[in-house]
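The first residue in the sequence is number 1, and the count goes up from there. Read the numbers this way: they start at 1 and go in the same order the structure lists the ligands and their atoms. Nothing here was measured: the structure is a model prediction, and the numbers come from that model.
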Amino acid sequence: MVDFTLTDEQKDLRELAHNFAEKDMRSVAWEYDKDGGWPEDVIKKAWEVGLMNTHIPEAYGGPGLDYLSGCLIEEEMGWGCSGIGTSLMANGLASAPVTIGGSEETKKKYLGMLCEEPKLASFGLTEPDAGSDVSGMKTRAVKQGDKYVLNGSKCFITNGTYADYFTVFAKTDPEAGHRGISAFVVDADADGVTVDKKEDKMGQRASNTATISFNDVEVPAENLLAEENKGFKLAMMTLDRTRPGVSAMAVGIGRAATEYATDYSKERVQFGVPIAMHQAIQFMIADMATKVEAARLLVWSSAVMLDQGVRNSKVSSMAKRFAADSAMEITVDAVQVYGGYGFIKEYPVEKLMRDAKIMQLYEGTSQIQRLVIAKEVLLPRQAEEPTPEAEAKAKASEESQSEQAAATV
Ligand SMILES: Cc1cc2nc3c(=O)[nH]c(=O)nc-3n(C[C@H](O)[C@H](O)[C@H](O)COP(=O)(O)OP(=O)(O)OC[C@H]3O[C@@H](n4cnc5c(N)ncnc54)[C@H](O)[C@@H]3O)c2cc1C
């Protein structure tokens, strides 16, 4: 049975996020966009009202929300301002490897930290010479006794300037390609960590993007996430879990652009009628609205799969590819509906067009999503393969059943 009915809790959460997006994000979004400032006040408030760190399990101080609920929030953040939204949601990307691969102590410390105070974490995978192909990364981690020593540089790191810790991917076996990568939690105040450069961006200017360097940074061995040389798998598992949310943000951008274009088309009069009366404009708006709905369905589907414990690599890549490309197409069309005014900064849609572009680039470009989808279509894995979390849950339940059975015998 297919049922898209949200629970009362999910509806309340969406309303909370929508009100926040309207009052606390949109009201300042164009100012932050203009000067590329850091929206610290908005971040603090979002943290206070519970719109950050939504997937951190209750055991470590978070609300432990399901993935679909997270997507409802992220769509509203994209609708409000995806630049500020990216700053708010980056903790989700950075903390996922800790949730999946951290020891109990690491989870308590680094997930707990984000829930106790409005602190930030960043995800450090990309390097100047290793973007889509992360196996080309040069950052090295060398084990020395009870610590690893890290050297290298990560670029385009969201919230990098303000992060309290980084989840950093580095080569522990340089000859082994993607099988030689490991992941670590690195404190931002560790000796040898430096913020080198803040990027000046086309869009999402309220998000911070920085280059971070690691020079002989000593990382305690217990900060290794998962096993040594399993970092690539951990990064891919992380992206499976974050793609629904980032795609939801793209849906929010597309929805905002569709709404602005619709309203404008009813007000703007040319040839004696509102331009909404011209079929060419109607068709553009029809296509925009259709893309928003279709993208949202893919996003929800990819999130619900995770909530049901089913691996979602293919569908989450489809969601990211389609929602990002749709956001770009919709915002370009929204500028077209506005005509010359669409090109002017005083009107809202040019910002949306600039913001939408990054959705096709970060967390895997649209081309890379197509590679993932094609691989999954051409070489399908076992249908409805369970996620490791679901497998662990099933194993724990099996074990407890056998213990109970043994106790009965
Ligand atoms: C604002 C911003 C924020 C970001 N935040 C983070 C972050 O927090 N953490 C982080 O680790 N990274 C982050 N990134 C990095 C982002 O994920 C990368 O930019 C992205 O993965 C692409 O890598 P690249 O820029 O090196 O492009 P490249 O990999 O050099 O790609 C260039 C072009 O070639 C295409 N291409 C590459 N390989 C193939 C192929 N095999 N087949 C077909 N086409 C291909 C790409 O699609 C693209 O069009 C961020 C980037 C930006 C701009």
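- Thr209 and Lys201 share a side-chain donor-acceptor pair at under 3.5 Å.
- For atom 52 (C) of ligand 1, the closest non-hydrogen atom on the protein side is Ile358 CD1, 3.6 Å.
- Checked by atom type and distance alone, the side chain of Asp187 never pairs as donor or acceptor with a backbone atom of Asp189 at under 3.5 Å.
- Of all the listed residues (Ile157, Leu361, Asp129, Asn208), Leu361 holds the heavy atom that lies closest to atom 20 (C) of ligand 1.
- Annotation: Thr365 places an N or O atom under 3.5 Å from an N or O atom of ligand 1; distance criterion only.
- At a heavy-atom cutoff of 4.0 Å, ligand 1 is contacted by no atom of Gln204, backbone or side chain.
- The closest donor-acceptor contact from the side chain of Thr167 to the backbone of Ala94 lies under 3.5 Å.
- Against a heavy-atom cut-off of under 4.0 Å, Lys201 is close to the following atoms of ligand 1: 1 (C).
- Atom CD of Glu9 sits in a sparse spot, with 12 or fewer heavy atoms from other residues, nucleotides or ligands closer than 6.0 Å.
- What sits closest to atom 42 (N) of ligand 1 on the protein, heavy atoms only, is Leu371 CD1, 3.9 Å.
- No hydrogens or angles considered: nothing links the side chains of Glu222 and Ser103 as a donor-acceptor pair under 3.5 Å.
- Lys291 has no carboxylate O lying under 4.0 Å from a charged side-chain N of Asp287, or vice versa, which leaves the two without a salt bridge.
- At least one protein heavy atom sits closer than 4.0 Å to atom 14 (N) of ligand 1.
- Checking side-chain atoms of Arg354 against main-chain N and O of Met202 turns up a donor-acceptor pair under 3.5 Å.
- For Glu104, the CD atom is densely surrounded, since the number of other residues' heavy atoms within 6.0 Å is greater than 12.
- Taking atom 12 (N) of ligand 1 as the reference point, the nearest protein heavy-atom neighbour is Thr126 OG1, 2.7 Å.
- Protein heavy atom nearest atom 24 (P) of ligand 1, with residue, atom name and distance: Gly131 CA, 3.9 Å.
- Inside a 4.0 Å radius of atom 2 (C) of ligand 1 there is at least one protein heavy atom.
- Atom 50 (C) of ligand 1 has its closest protein heavy atom at Phe156 O, 3.3 Å.
- In terms of protein heavy-atom proximity, atom 17 (O) of ligand 1 is closest to Glu363 N, 3.6 Å.
- In this structure, atom 28 (P) of ligand 1 lies nearest to the protein heavy atom Ser132 OG, 3.7 Å.
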Full working for side-chain contact (heavy atoms from CB on, under 4.5 Å) between His18 and Glu22: CA-CA 6 Å; His18 183 75; Glu22 189 161 39; 4.0 Å; yes

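- Close N/O approach between Cys155 and ligand 1 is not found [any backbone or side-chain N/O within under 3.5 Å].
- Taking the six-membered ring for Trp, Phe169 and Phe123 have ring centres closer than 6.0 Å.
- Among all non-hydrogen protein atoms, the one lying nearest atom 49 (O) of ligand 1 is Gln367 OE1, 3.5 Å.
- In terms of modelled atom types and a separation under 3.5 Å, the side chain of Ser69 and the main chain of Leu65 share no donor-acceptor contact.
- Taking only nitrogen or oxygen atoms, main chain and side chain alike, Phe123 reaches within less than 3.5 Å of ligand 1.
- Within the 4.0 angstrom cut-off, atom 32 (C) of ligand 1 has no protein heavy-atom neighbours.
- Contacts between Thr158 and ligand 1 below 4.0 angstrom, taking non-hydrogen atoms only, involve backbone and side chain alike.
- With a heavy-atom cut-off of 4.0 Å, Thr86 does not touch ligand 1 at all.
- Residues Tyr110 and Tyr165 place their aromatic rings such that the two centres sit under 6.0 Å apart.
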